[in-house]
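Have a look at the structure below before the remarks.
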Amino acid sequence: MNAIMNRQAAAVERRMRRWGTALRRRARGDAGMSTSEYAVGTLAACAFAAILYKVVTSDGVVTALTGLVTKALDVQS
């Protein structure tokens, strides 16, 4: 009878260890970006910013924005 209880206790202990290991793995998880993903994301953001800067500072856009602001600030008395 004692041997059966020891085997059952050992089986429960193994299951608890496996459960604890699985829980720790899940808690650690890969939740964020790696360094290479940060580098690629930063590079893409910089490229997008450079393109946006070129577009916004182009002659056509500057003229359109200047006209829009002038029209908005033009007060009719």
Answer with yes or no whether the hydrophobic clustering places L68 together with V61; edges join I, L, V, M, F, W, Y residues whose side-chain heavy atoms lie under 4.5 Å apart.
-> no
In terms of hydrophobic clusters joined by side-chain contacts under 4.5 Å, are F48 and V56 together?
-> yes
Test side chain to side chain contact (heavy atoms under 4.5 Å, CB included) applied to R15 and R17, E13, R18, the passing residue | R18
At what distance, to the nearest 0.5 angstrom, does CG of N6 lie from CD of Q8?
-> 9.5 Å
Enclosure of D59 CG (heavy-atom neighbours >12, cutoff 6.0 Å) = no
Check whether any side-chain heavy atom of T21 sits under 4.5 Å from a side-chain heavy atom of R24, and report yes or no.
-> yes
